[in-house]
Asks: 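Below are the structure tokens for one structure; questions will follow.
Below, read A as the first sequence line, B as the second, and so on, with proteins coming before strands; counting in each chain starts at 1.
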Amino acid sequence: MIRFFVSCLIFAAPLVGMAQGASDPPIRLEADGTPLADVLRVLSIQTGIDVVFAERTVRGRSVYGRYIGYDVEGALRTILRGSGLRAEQVRPRQYVIVQDSGFGVVVEQPLRGRLEGLVLDAQDGGALPNAHILLVGLGLGAVTNTAGYFALPGLPVGEYQVRVSYIGYHTVNLDLVVLAPPEVGRATIRLSPRTHYTENVVIEGTTGRSDLEIVPGAEGIDIATAATLPSVLGEGDGMAALEWFPGINRASESGGELVVRGAEAQYNRYFLDGAPVIHPWHAFGLVSIFQTEALRSVRLHKGSFPAEYGGALSAILDVETRDGDRGRTAGTLAISPVSARGVAEIPIANQLSLVLTGRRSWMGGIMSPRIRFGSDGGASLGFDPIIRGDLQGPDETVDFYFHDLSAKATWRIANGHRLSISLYDGGDLLEALSPLSGSPTNAETPTSTYDLAFRWGNRIASARYHGLLGSRYFLTGTAYVSEYKAREERHSSTENVSSFDSEYQVRFAEIGLRADVDYYHSLEHQFRAGIHIIGRDFESSLREIRERLDVMVTEFERRDFVQAVEMIGYLQDTWQPASGWQLQPGLRLEYFALGNHFSLNPRLHMRHVLQRDRWVLRAGLSRQTQPLHRLRNGQSFDSEIAPDRWIPAGGDISPASAWQIASGIEWRPHRWLTVEMEVYGRYLQNILQPVRSPESVGLVLEEPGTGRAAGWELSARFSRSGWSGGMSYGFARSHERAASGGYRPARYDAPHQLEAYLNGRVRQFTWSIAGILRSGYPYTRPYEGYTIIDPIAGEVTFLHSPVVNNERLPVFARVDVAAGYSVNAFGMNMELRAEAHNLLNRTNIIGMRYMWETGDTIMQESDGLLELPVTGLPILPMVSLKTSW
Amino acid sequence: MKRSMLTIIHLFFGMLLYTGCDVMAPPPQSVVVQMFVESDSTLTPLTLHETFQPSSTVPVPITDADVLVWLNEAQISFSHSPSNPGTYLPRDPLQVPSGSSLELRIAHDAEVITASTSLPPRLAIDSVLVVPTDAPFAAVYSTNTSEGFVEGHIYLLNVIIYWTRSSGDSWWIRARLDPPSWAPTEVVDLALLTDDIRLENELADPEDRDVLRWQGTYVIAVDAPDAPLPAHTLNLAVLRSGLDYARFALYQQNPEQGMTTGNVRGGVGIVAGISTVRQQIRVEP
């Protein structure tokens, strides 16, 4: 504990370094026909104040005169006398040079206006959330909300140089005019995507987060780039590609949920168009449910969250889908040996557009001989590939597929008002039909079957309204229903002898209503406040019927149902006290009706621009709570296909909570190169550890435990001349402690992690390579054994390991490559793509099993124990063809 | 700027120190505690030994521990029995009534090991029903005495055990059938049920909640399709205990490495109050 807080102090140290004292030197100005711009720059250098002006405003003006003194405003008046200009103080030590409306007469109350507008995709007119609008001279700016709207009130009337940037799009520099009230200049800024699908495009732009990003660890994902990175099934999965970013891993060898900074996946929360997604993965974590071609933005918070986010301890992934092209019908079709998918954008009317997506896979024949279905990896249905063929019988048929269907309609009611409705339905199905009459000796045994069916999936419906209320308020209202269901069905029968049927189901549904309001108070303060009411249902049921000899029936039925209500309110201020400084204090209040748990979560983030467009320092401190605990399901131990259960905080179970602290520095030596270093610490409380339970359904809970993590990430990214890439090294530890023990490495603790990716385009060819080299995950090696004489079972010998996660798997390494060839013909773009996963065909050891006795040739003996190394996937090739128009 | 960079450099080396240590030295051997206390019986001995290295598989008894037991807050002294190394006996024979609580404190090599349990109500079986199939059927099965699977014919026998609810507490039941050693232990295509752990409340008869029943299945092999069911002896046992024992017993069936499932703090093993009934049933054709 002490070490943790010492670490926190260390992390906070960079903040201390930012306190820079300064004292104003005497001002000495002498000019004899000197250009006004030069004199203003000299004044700025001498006094340390910011003097902001548009070049065209001061062009051709000269200064004659002399000033010696300490009064900055006096110096400015002297310089500007007779120029028709005046200096307007916008904040302490910051002045903007504007036209003097009184032709030399000083106006007592300077006119101030508002700059507002929308940032849209130039191709389809869709809103761009989290775009950055920077007033270049002032070092101030704004970030667009989910409707692409921004506002900067309280600006002196005049012309401003504005830089608008958005990850994956060309940065735009333009001059915008702030009009005198009551006129309001509303700008519509259209950004062009830096798409890879166009020939001869030069990809060049900022690779960093822009000076305006406040929160450390927040990443805006360049979807177009992410889609070109290799992914296991050739899906161009932008979300799966997150594993190439610093601090992010996958729970299993090639799939599984996202592990962010060593935290288990259950501490992440995912949003799709404002609605939570409970399990956003298909195929045991190989691919995400999000079709990359339908995504507008993907934003990841790796630790410290703004006040509007909550419900997770580790990470937030916020995904926004496209609104649909307003001008033309556009679409994408793609096919590979394992799946087909499509996206269609259909303009219904001038202000109404529709996006439809669909996907279906057929993977049974490919996957079934090679996988063992395990809950490994923190995924609710994790992927632990071992060549065992557990389900494979002699005449067995295995079918596995997943599907997605989604629709989004967007109605732009009027300027500043928008309504969108999103629907999603997707799921996975695994069926194994096993006629077991092929007995070892082919005897005339009764005809038998053993059938399994596993289904799981999400359904989501959401409606969202964006509206500008008056001149200073912007309302975002969201209503949603999100449901996750998983069901196991088993049937086994031996003709005329016995049968067994069971159906086990878990269901987790969330219905929510939230309202978020942005209040643009002034240039210094922008407030965001919101309320959020959530109702959750948790349900699990088990039904078993055993029949023997058709007359003797054993029935067992059990159903658990819990409802929980959560109410949330938050308030956040984005405060820009001075040029280059930004603070974001926030407070989030959460109430969990089940158990009457109140939680007050403070948030504080700040950024300081040490040198414009070069050095940016960020820091953050936040507390987060998570009212849901995800548990591996005890019922499914036999099959190792585990539909995990979620349980709410309530009664004796407190919400899990975490303190996060992070600090980072970003350096942009060139516009195309960004180097970042970030340190972070995390302290978790009330995290529950699942314990094996003999209960028929579910698990009992151990006492709440604690966890801690700290790390250091160094990364570099570039984007230039059609090539982009990144390399990162992470150096981190993550520990957990159950109530009864000491700290031990957490399940996904990986002290060293080196990742790199590179992709580019040469004429019509695209190339992409990505690799990872990291420490192996911890595992538990039993060092000892003991014997107990059970009262009715007799002598039983156990393996025993006093310490969990006491060993580490060998180093994990993987290299994936992808290459594509695209051609434009008949008004369409066609891309043929080939990928290879685990290019070096390296045999990674991804797990270890132990047994006392021999009997399997692949086991090897070590210290008297029989060790069974579990190996990962071999090289996996994949080809796909994609057409877009 | 320089101050910030210096701070970052200090931070880097601080993190190096923090993340550098990854080796977890294996701790010394643990103390294994075993004590099953039967309700309404005399207090049973306690055994202590050390965990063994996998290469040896021979437990080393602990003979010098100080053992104290509290039964309903009354202290009872245990002393080591030199004739049975590792076994500790109560100084005076003592009857342990059901419903009692029992706490254990063991001091050994400066380590303190504790455990506690409650004694369940006494279990009594009301009746046992054994129902065989009318005739044997063909099957592929294996036995403890045979190597691999063989073809043959088997009778399927369902066993239903009835008893009466004794209290409202949530106790756990472990039921176990021990057919003759020559009986098949595994049958292709047919799931036998000879060892089961269930929450007692879930075994209530739907028609009479006070009547509890458990149903198991075993098979007996015969030589010919028309052979009668051979007479044989079935040993069965039913045990009532708490969650600690149930978890321990389930672990026996599905061992998962690295997880200690007993209720001994500071050591490993199990201390459980139990109530056991054993019956030997002669099954005639």
Side-chain angles (χ1 to χ4, degrees), chain A residues 7 10-11 13-14 17-18 436 439-441 443-446 448 494 497-498 500 548-549 552 554 556 610 617 637 665 677 679 692-696 710 712 731-733 740 751 780 782-793 796 798-804 806 808 850 863-865, chain B residues 1 3-4 7-8 11-12 14-15 18-19 22 24 26-27 29-30 32 34 36 51-55 57 59 131 133 137-140 149 151 156 158 172 174 176 188-191 197 199 202 215 217 237 239 246-247 250-252 254-261 265 268-270 274 276:
Chain A
S7 302
I10 291 171
F11 297 154
M18 291 182 301
L436 293 173
S439 65
T441 55
E444 293 178 359
T445 54
S448 303
T494 304
V497 177
S498 69
F500 172 73
R548 292 188 180 88
L549 309 177
M552 308 181 69
T554 306
F556 176 77
L610 299 169
L617 195 63
F637 275 109
I665 190 162
M677 195 200 77
V679 290
R692 257 190 101 74
S693 166
E695 287 181 85
S696 297
W712 177 90
F731 186 51
R733 295 308 305 270
S740 55
T780 304
Y783 282 105
E784 301 173 346
Y786 66 94
T787 300
I788 296 284
I789 300 173
D790 184 90
I792 63 173
V796 186
F798 296 89
L799 286 171
H800 174 61
S801 179
V803 181
V804 177
N806 53 10
R808 193 171 288 286
Y850 291 90
D863 296 334
L865 272 182
Chain B
M1 191 64 236
R3 286 177 62 180
S4 296
T7 309
I8 289 164
L11 181 61
F12 172 74
M15 285 300 301
Y18 177 73
T19 57
D22 190 34
M24 299 190 68
Q29 285 166 311
S30 306
V32 182
Q34 176 189 312
F36 294 105
T51 51
F52 50 79
Q53 296 295 321
S55 53
T57 69
V131 183
T133 48
F137 55 88
V140 178
F149 285 84
E151 294 177 52
L156 178 77
N158 279 280
W172 291 80
R174 182 177 191 182
R176 185 178 169 95
V188 172
D189 307 342
L190 183 62
I197 301 136
L199 191 61
E202 292 173 354
Q215 181 174 312
T217 307
L239 180 149
R247 189 182 295 167
L250 191 85
Y251 181 82
Q252 294 173 24
N254 300 292
E256 184 170 323
Q257 63 190 37
M259 295 191 72
T260 301
T261 55
R265 290 177 292 278
V268 294
I270 179 81
I274 57 172
T276 318

Asks: Kindly give the heavy-atom pair with the smallest separation between B:Ile270 and A:Ile788, and that separation in Å.
Replies: CG2-CG2, 4.1 Å
Asks: Is there a side-chain contact between B:Phe36 and A:Ile792 in this structure, where contact means two heavy atoms from C-beta onward sitting under 4.5 Å apart?
Replies: no
Asks: For the pair B:Arg176 and A:Asp790, evaluate salt bridge (Lys or Arg N to Asp or Glu O under 4.0 Å) and give the outcome as yes or no after the intermediate values.
Replies: CA-CA 12 Å; B:Arg176 185 178 169 95; A:Asp790 184 90; over 6 Å; no
